[in-house]
Participant: 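Okay, here's the structure, questions in a sec.
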Amino acid sequence: MAVYKPPNGLEVKRRMRKFLISLLCVAGFVFGALAQEYKVVPLGEPGTPWETLTPGKPGGYLVIGTWNNPRSFNPWATVETSTTVVTNQIFGTGLTEVNPVTLKVEPGLAKSWEISEDGLTITFYLRKGLKWSDGEPFTADDVIFTFKGVIFNEDVATSARDIFYVEGKLPEVEKVDDYTVKFTLPAPFRPFLRAMSQEIYPMHKLKDLSRVYNPDADPQALTNAWSVDTPPEEIVGMGPFKLVEFIPDQLVVLERNPNYWKVDPNGVKLPYLDGIKYVITGGADATMLKFRNGELDVYGPRPEDLATLKAEAEQKGFEILIDPTKPFFGTNFLYFNLDCPDEKLREYFNMIEFRQAMAHLIDKQSIIDNIYFGLAVPQWGPISILSPFYNEEVLPKFEYDPNKAAELLDKIGLVDRNGDGWRDFPDGTTFEFELNTNVGNTIRDQICQLFVDDAASVGIKVNYNPIEFNALVQKILGGQAVAVVIGLTGGVEPHFGANVYRSTGNLHFWHYSAKENPTPAEQRIDELIELGIKTYDFDEAYKYYSELAKIFAENLWLIYTVNQVYMYCYYKNLQNTAEFSPAAGALGFSDVLWKENPNMVGNRVVEG
């Protein structure tokens, strides 16, 4: 049996005696009470991933801009970034967590684990004495509830469930005792430990909403739980912060979770910050202006912002990080709804020649040169470029070629039948469709306008209509969108896109009907997902994911555009910024960030 033991410097029991004494004091040990098994973050310790960061001092708020209101405070039933940028800080990580510097799996709410020799049974040993943000104890019951009562509960509309299927089955989970849980897998599952960074939910707050625990519950109760109208004190998590206020179209305020389960090397409880304030700006232009005015601490700039920012950085006291060798994780794309409500459009959207024609109208080089000012790279497939499983050599490339696009459109019978310059359906009506993206995203707006012009050059009429982000997400997930330019987040592990790639996935939004009637290509994708997680051999998994990416790119279900290289800005008052990267910006390090002057936001001293 393989036993995981934490590396030096990560656990209380591995520290020197004087540190242990200070930690005992901070942890609030009481005779006869359960000891808190905190995780130590070894800031500044040589030989650890944290050696470039330093222990800090408590106080101050991180103030960050976000374009849209959160749609909910429910992390299992929402996928849009306007929500997850907030809920990630409230709920934190799961039994395991991914180190934001190394991207390797480490102990989280579990202090250790054992894996059986056949790799099918994983036993997790939870940290004892931890508490939810409302002071209730965290135990194995919460872990069991999270998986049986929420994630594996078919009543709940959650994308999280998709990544746990192996051979069409979900793992079994059982409570061994109050601080031990055991998972039994139906087959080998290579990324299982990484998947266990799935956040845990509080049974004491939610069990009555789950029919697994309360047969009389409304089947939709969990999916609809924790709306934006929920009193903040009802929303309970294990993350570094807790919700205290939401003012629609203005502000979301989080404050330090006093029961957070990590400490620094001096025994100081984390997080250092008093809280996080999300200023709802409505879009990129307003966010940029607020950062320049010193009203925000951090900002992810657009390429068009750089000239202005570089001219002001020294005077205003902020840093600009640019790494042209590292594009962001994730993908950006144009997609056509193969289940489009318009029957005539649906017929053509399902033709590969039509999608090839549209791909030949994506002028990636112009997008890179004129919209990203050279600070982007072409994207051709579904796997993030920085993933070790990315293989560009297998990806077909549909280069910008309007003449080729016109030939393909002629081939499928989309021609101008009345001489007005627009291609028509066989019945003589103009072939046209609506294109959406989210309001306020100036880069996507420019990409859409460029595409509209290029489509017009070959006689395709595109009616561009940007809409509010949360409304757009609802339209996409409801299967009502026609054509959209949008993006998805990504990471090092391709399997965590299974909710997108799998024909039954909750985010298979371009072809939801594939759940009942998958194409042969989609069936092969489903097979490759299974093969990719059932092997522990990297080269074998690489082969499977290469084939998956090739099929995905050939079918052009998502027509990829480009990916921006890493850029980030922060005011110098903010500390522990040295490891910001495409994988983790400010919020990835939120529990260890601190401020030299806690009373400053940006470059301004604030009151209160």
Participant: Can you confirm whether the side chains of Y278 and T66 place a donor and an acceptor under 3.5 Å from each other?
Facilitator: no
Participant: Flag the pair D134 / H204 as yes when at least one side-chain heavy-atom distance between them is below 4.5 Å, and no otherwise.
Facilitator: yes
Participant: Tell me the closest heavy-atom pair linking G119 and L185, and the distance in Å.
Facilitator: O-CD1, 3.8 Å
Participant: How about NZ on K316, more than 12 heavy atoms from neighbouring residues, nucleotides or ligands closer than 6.0 Å, or not?
Facilitator: yes
Participant: Taking F291 as the fixed residue, which of Y570, F318, Y568 is the one that meets the ring-ring contact (aromatic ring centres under 6.0 Å, His included) rule?
Facilitator: F318
Participant: For residues V492 and R194, determine if any side-chain heavy atom of one lies less than 4.5 Å from a side-chain heavy atom of the other.
Facilitator: yes
Participant: Any idea how F389 and F538 line up, ring-wise: parallel (<30°), tilted (30 to 60°), or perpendicular (>60°)?
Facilitator: tilted
Participant: Do any pairs count as a salt bridge (charged side-chain N to carboxylate O under 4.0 Å, His left out) and have a residue in residues 577-592, sequence neighbours left out, and if so which ones?
Facilitator: K262-D591
Participant: Could you work out, with side-chain contact (heavy atoms from CB on, under 4.5 Å) as the rule, every residue matching R211, not counting sequence neighbours?
Facilitator: D155, A217, P219
Participant: With no hydrogens and no angle check, just 3.5 Å: does a side-chain donor-acceptor pair link D537 and T535?
Facilitator: no
Participant: Is it the case that K290 and Y299 place a side-chain donor and acceptor less than 3.5 Å from each other?
Facilitator: no
Participant: Can you list the residues that meet the salt bridge (charged side-chain N to carboxylate O under 4.0 Å, His left out) rule with E172, with sequence neighbours excluded?
Facilitator: none
Participant: Can you name the ring-ring contact (aromatic ring centres under 6.0 Å, His included) partners of F183, sequence neighbours left out?
Facilitator: F124, F147, F192
Participant: Would you list the pairs meeting salt bridge (charged side-chain N to carboxylate O under 4.0 Å, His left out) in which at least one residue belongs to residues 61-75, sequence neighbours left out?
Facilitator: R71-E80
Participant: Could you pull out the closest heavy-atom pair between A140 and D177, with the gap in Å?
Facilitator: CB-O, 3.3 Å
Participant: Just to verify, what does E530 make a salt bridge (charged side-chain N to carboxylate O under 4.0 Å, His left out) with, not counting sequence neighbours?
Facilitator: R502
Participant: Are L120 and P188 packed together at the side-chain level, in the sense that at least one heavy-atom pair is separated by less than 4.5 angstrom?
Facilitator: yes
Participant: Please report the closest heavy-atom contact between T93 and W261, naming both atoms and the distance.
Facilitator: CG2-CZ2, 3.7 Å
Participant: What's the shortest heavy-atom distance between E199 and G92, and which atoms?
Facilitator: CB-O, 3.7 Å
Participant: What's the spacing between F469 CZ and N68 CG if we round to 0.5 Å?
Facilitator: 6.5 Å
Participant: What pairs with D274 under side-chain contact (heavy atoms from CB on, under 4.5 Å), at least two apart in sequence or on another chain?
Facilitator: Y61, R256
Participant: Considering the options F164, Y165, F145, W76, which one meets the ring-ring contact (aromatic ring centres under 6.0 Å, His included) requirement together with F152?
Facilitator: F164
Participant: Which residue pairs pass the side-chain hydrogen bond (donor to acceptor under 3.5 Å, both in side chains) test when at least one of the two sits in residues 136-149, sequence neighbours left out?
Facilitator: W132-D142, D141-K175
Participant: Looking at F189, Y545, Y501, which one forms a ring-ring contact (aromatic ring centres under 6.0 Å, His included) with H495?
Facilitator: F189
Participant: So, using salt bridge (charged side-chain N to carboxylate O under 4.0 Å, His left out) as the criterion, who are the partners of E174 when residues are at least two apart?
Facilitator: K182
Participant: Not counting sequence neighbours, which residues clear side-chain contact (heavy atoms from CB on, under 4.5 Å) with Q564? List them please.
Facilitator: P303, F328, Y372, I443, M567
Participant: Taking everything shown except K169 itself, do over 12 heavy atoms lie less than 6.0 Å from its NZ?
Facilitator: no
Participant: Has K57 got more than 12 heavy atoms of other residues, nucleotides or ligands less than 6.0 Å from its NZ?
Facilitator: yes
Participant: What's the spacing between Q36 CD and K128 NZ if we round to 0.5 Å?
Facilitator: 13.0 Å
Participant: Search all heavy atoms of S82 against all heavy atoms of N470 and return the closest pair with its distance.
Facilitator: OG-OD1, 2.8 Å
Participant: What side-chain donor-acceptor pairs closer than 3.5 Å can you find for residues 228-246, not counting sequence neighbours?
Facilitator:
unit_1: T230; atom_1: OG1; unit_2: S227; atom_2: N; d: 3.0
unit_1: T230; atom_1: OG1; unit_2: S227; atom_2: O; d: 3.0
unit_1: E234; atom_1: OE1; unit_2: K205; atom_2: NZ; d: 3.3

Participant: Do E596 and K572 sit within salt-bridge range, that is, some charged N less than 4.0 Å from a carboxylate O?
Facilitator: no
Participant: State, yes or no, whether a side-chain contact exists between Y272 and P55 at a heavy-atom distance under 4.5 Å.
Facilitator: yes
Participant: Would you say D249 and N69 are linked by a side-chain donor-acceptor pair, where the criterion is simply a distance under 3.5 Å?
Facilitator: yes
Participant: Under the side-chain contact (heavy atoms from CB on, under 4.5 Å) rule, collect the residues that match up with P49, sequence neighbours excluded.
Facilitator: N99, V101, T102
